[in-house]
2 protein chains.
Amino acid sequence: MNYTISEENYLKTIFLLQETEGTVSTNTLAEKLQTKPASVTDMMKKLDAKKLLNYKPYYGFTLSAEGKKIALGIIRRHRLWEYFLCNKLNFGWEEVHLLAEELEHVGNKKLVDRLDAFLGFPSYDPHGDPIPDSKGRVRNIRKIPLHQLPALRPAEVCQVTNQSSEMLELLHHKQIGIGTKLEIKKFFDFDHSLEIKMKNSTITISEQLAQNIFVTYEQDL
Amino acid sequence: MNYTISEENYLKTIFLLQETEGTVSTNTLAEKLQTKPASVTDMMKKLDAKKLLNYKPYYGFTLSAEGKKIALGIIRRHRLWEYFLCNKLNFGWEEVHLLAEELEHVGNKKLVDRLDAFLGFPSYDPHGDPIPDSKGRVRNIRKIPLHQLPALRPAEVCQVTNQSSEMLELLHHKQIGIGTKLEIKKFFDFDHSLEIKMKNSTITISEQLAQNIFVTYEQDL
DNA sequence: TTTAAAATTTAGACAAAGCTAAAAAAATGC
DNA sequence: GCATTTTTTTAGCTTTGTCTAAATTTTAAA
Ligand SMILES: [Mn+2]
Ligand SMILES: [Mn+2]
Ligand SMILES: [Mn+2]
Ligand SMILES: [Mn+2]
């Protein structure tokens, strides 16, 4: 029912790795956690005994339903604290991750739910990652920089980093703003520019510009 | 330079005990920390080796200057988080101590100083205990319920708990309010009532009333 | 399909922090 | 001042989480 800081760090990291990789391997996890493969194996045995893992020796592991539930709780705390640090204590989004790594292990549910309410139930952390709600549910919409959007996926501009006048002039000229709906038609490998289709036009934008435009899109589909 | 959660709990508890007791004994500390005397001795050796203690085996211990500095940092974090929990997350003052016991071990200085600023540099935690500033200085003024005020110590009413109309009627009748200056002349053992001297009068008040009137006073002198 | 390389697990050790039981020192009582 | 009680320390064990080195299993290459 209660987990050590070390166990929590393993659970969280497995969750994040298996989102992209499916099954997680001993070496991959060891590298992410800055530890040794032998230590990972030891911990996997323990988490397996606690039924938090599907573990087949030599063939990697994934989280059980219970393991996922716990991981989502940790991720919720991490991202809520990141949001708090950025939006209440005025930290930059690049500073908050390390601090949240510590705060995420204060696990009291009432505290976390009150913090959530205090912050106005935010949907995304400062890096655009979705914050699970108090029941561990995650919205399927993700916020990413435009150049990471998969091709042909309908999306909507939700944030523009770099607020320089040059940037804003360019956006105005291309008629891009918060709420603009678009989708990527084509990536050009030569200079990593993109062709994007908007409601009434199709235009090309540079990699630098795309990196500073954030969009939301449906995860599945 | 960096201390474990266990070391921090020992340092903080020694600090708080030695404030009232002077030198701290093995058994006293063990009881406060809900551990065994043998464990205390082990830890005292370690803290002594790190030069955080003045430790003479069999004769108890006090914190070194460095030990005090670290303890004040922990106490600062504890009390700031308690303030945050009460005043921002609407916890009752009786709920916050246990939560702060965990949060106090997130030690990043920038985080704590920003939290302090966010809260408006509060001087007291929800229990009336003073919050050390970012340099570890503590104001010498303490807030306590009136019945705990030492006799003949000039003090000032700063808070009235129990806001019932009966209570307020009584305060009005006796001409006591926030800011009233007073000192205790005499304790009566029979019913624990008190005789207090105010600017223009000397009156007697009951124990129940005194328990609900909080006063500030200078610690030393 | 056999062999070499890579990945994973096991074996054995260690440091931190706790415990119990026994020994030693200090305090108390007569 | 000596004996008894209380307090504190020491000795030896346990658990958690880590490590290195060796053994084992899987994978890839020849
Ligand atoms: Mn993060
Ligand atoms: Mn984040
Ligand atoms: Mn407290
Ligand atoms: Mn307090």
Side-chain angles (χ1 to χ4, degrees), chain A residues 1-14 17-18 20-63 67 70-71 74 101-102 104-107, chain B residues 1-14 17-18 20-63 67 70-71 74 101-102 104-107:
Chain A
M1 257 275 130
N2 236 25
Y3 302 96
T4 66
I5 289 175
S6 199
E7 287 170 333
E8 289 196 343
N9 283 330
Y10 276 91
L11 289 171
K12 182 187 62 168
T13 306
I14 295 169
L17 283 174
Q18 82 180 26
T20 51
E21 307 210 356
T23 297
V24 180
S25 76
T26 304
N27 276 357
T28 310
L29 186 51
E31 199 183 0
K32 263 279 189 234
L33 288 167
Q34 314 233 63
T35 184
K36 303 292 167 199
S39 307
V40 169
T41 300
D42 285 345
M43 183 61 91
M44 292 309 99
K45 282 191 213 155
K46 201 186 335 168
L47 296 179
D48 186 44
K50 294 187 180 182
K51 298 188 193 290
L52 303 174
L53 278 186
N54 309 117
Y55 173 42
K56 191 180 162 204
Y58 291 102
Y59 287 91
F61 23 80
T62 54
L63 295 179
I70 294 158
I74 303 159
E101 287 294 315
E102 294 196 56
E104 72 189 4
H105 301 295
V106 178
Chain B
M1 260 274 130
N2 236 27
Y3 302 96
T4 67
I5 289 175
S6 199
E7 287 171 332
E8 289 195 345
N9 283 331
Y10 275 92
L11 289 170
K12 182 187 61 167
T13 306
I14 295 168
L17 283 174
Q18 81 178 27
T20 50
E21 308 209 357
T23 296
V24 180
S25 76
T26 304
N27 277 357
T28 311
L29 186 51
E31 200 183 359
K32 263 278 189 230
L33 288 168
Q34 313 232 65
T35 184
K36 303 291 167 201
S39 306
V40 169
T41 301
D42 285 346
M43 183 60 93
M44 291 311 99
K45 282 190 214 156
K46 204 192 325 174
L47 295 180
D48 186 45
K50 294 187 179 183
K51 297 186 192 292
L52 302 174
L53 280 186
N54 308 118
Y55 173 43
K56 191 180 163 207
Y58 291 102
Y59 289 92
F61 22 81
T62 54
L63 295 178
I70 295 159
I74 302 160
E101 287 294 315
E102 295 197 56
E104 72 189 3
H105 302 295
V106 178

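We name chains A, B, ... by the order of the sequence lines, and we start the count at 1 in each one. Because only heavy atoms are used, hydrogens play no part in the values below, and waters and symmetry mates are left out as well, while side chains stay in.
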message: Measuring to OP1 and OP2 of D/dT16, would you say a side-chain N or O of A/Thr4 lies under 4.0 angstrom away?
response: no
query: Quick one: B/Glu31 CD to D/dT7 P, roughly how many Å, whole number?
result: 11 Å
field: Nearest heavy atoms of B/Pro37 and B/Ala30, plus distance in Å
entry: N-CB, 3.7 Å
message: Between B/Tyr58 and C/dA24, is there a contact of a side-chain N or O with OP1 or OP2 at under 4.0 Å?
response: no
query: For B/Ser39, which contact category applies under a 4.0 Å heavy-atom criterion: base, sugar-phosphate, or nothing?
result: base
message: Measure CG/A/Asp48 against P/C/dT9 and give the value in whole Å, please.
response: 11 Å
- request: Return the nearest nucleotide to the side chain of A/Tyr59; candidates are C/dT20, D/dT27, C/dT10.
  value: D/dT27
message: Using a heavy-atom cut-off of 4.0 Å across all strands, would you classify A/Lys56 as base, sugar-phosphate, or nothing?
response: nothing
- prompt: Side-chain N or O of B/Ser6 less than 4.0 angstrom from OP1 or OP2 on C/dG18?
  reply: yes
For atom CD of B/Glu7 and atom P of C/dG18, their distance in whole Å: 10 Å
message: For B/Lys32 versus B/Thr13, what's the shortest heavy-atom pair and its separation?
response: CB-CG2, 3.8 Å
query: When the distance from CE of B/Met44 to C1' of C/dG18 is rounded to whole Å, what number comes out?
result: 14 Å
task: Write down the atom of B/Thr41, the atom of B/Thr26, and the distance for their closest heavy-atom approach.
output: OG1-CG2, 3.9 Å
query: What integer distance in Å separates A/Met43:CE from D/dT16:C1'?
result: 8 Å
query: Between CD of A/Glu104 and CD1 of A/Ile5, what distance do you get to the nearest 0.5 Å?
result: 9.0 Å
task: May I ask you to verify if any side-chain N or O of B/Asn27 is less than 4.0 angstrom from the OP1 or OP2 atom of D/dT8?
output: yes
query: What does A/Pro57 touch in the nucleic acid at a heavy-atom separation under 4.0 angstrom: a base, only the sugar-phosphate, or nothing?
result: sugar-phosphate
query: Rounded to the nearest Å, what distance is computed from the CG atom of residue A/Asp42 to the C1' atom of nucleotide C/dA11?
result: 10 Å
message: Base, sugar-phosphate or nothing for B/Tyr10? Non-hydrogen atoms, less than 4.0 Å.
response: sugar-phosphate
field: Closest to the B/Pro37 side chain, choosing from D/dT18, C/dT8, D/dT9
entry: D/dT9
- prompt: Within this structure, what is the OH-to-C1' distance between A/Tyr3 and D/dT15, rounded to whole angstrom?
  reply: 18 Å
- request: Would you indicate what A/Tyr55 reaches in the nucleic acid, counting non-hydrogen atoms under 4.0 angstrom: base, sugar-phosphate, or nothing?
  value: sugar-phosphate
- prompt: Roughly how many Å is it from NZ in B/Lys36 to P in C/dC19, rounded to a whole number?
  reply: 6 Å
- prompt: Which part of the nucleic acid, if any, lies within reach of A/Thr26 when heavy atoms closer than 4.0 Å are counted: base, sugar-phosphate only, or nothing?
  reply: sugar-phosphate
task: Please state whether the phosphate of C/dT10, meaning OP1 or OP2, lies under 4.0 angstrom from any side-chain nitrogen or oxygen of A/Lys45.
output: yes
- prompt: What are the two closest non-hydrogen atoms of B/Glu102 and A/Val106, and how far apart are they?
  reply: OE1-CA, 4.0 Å
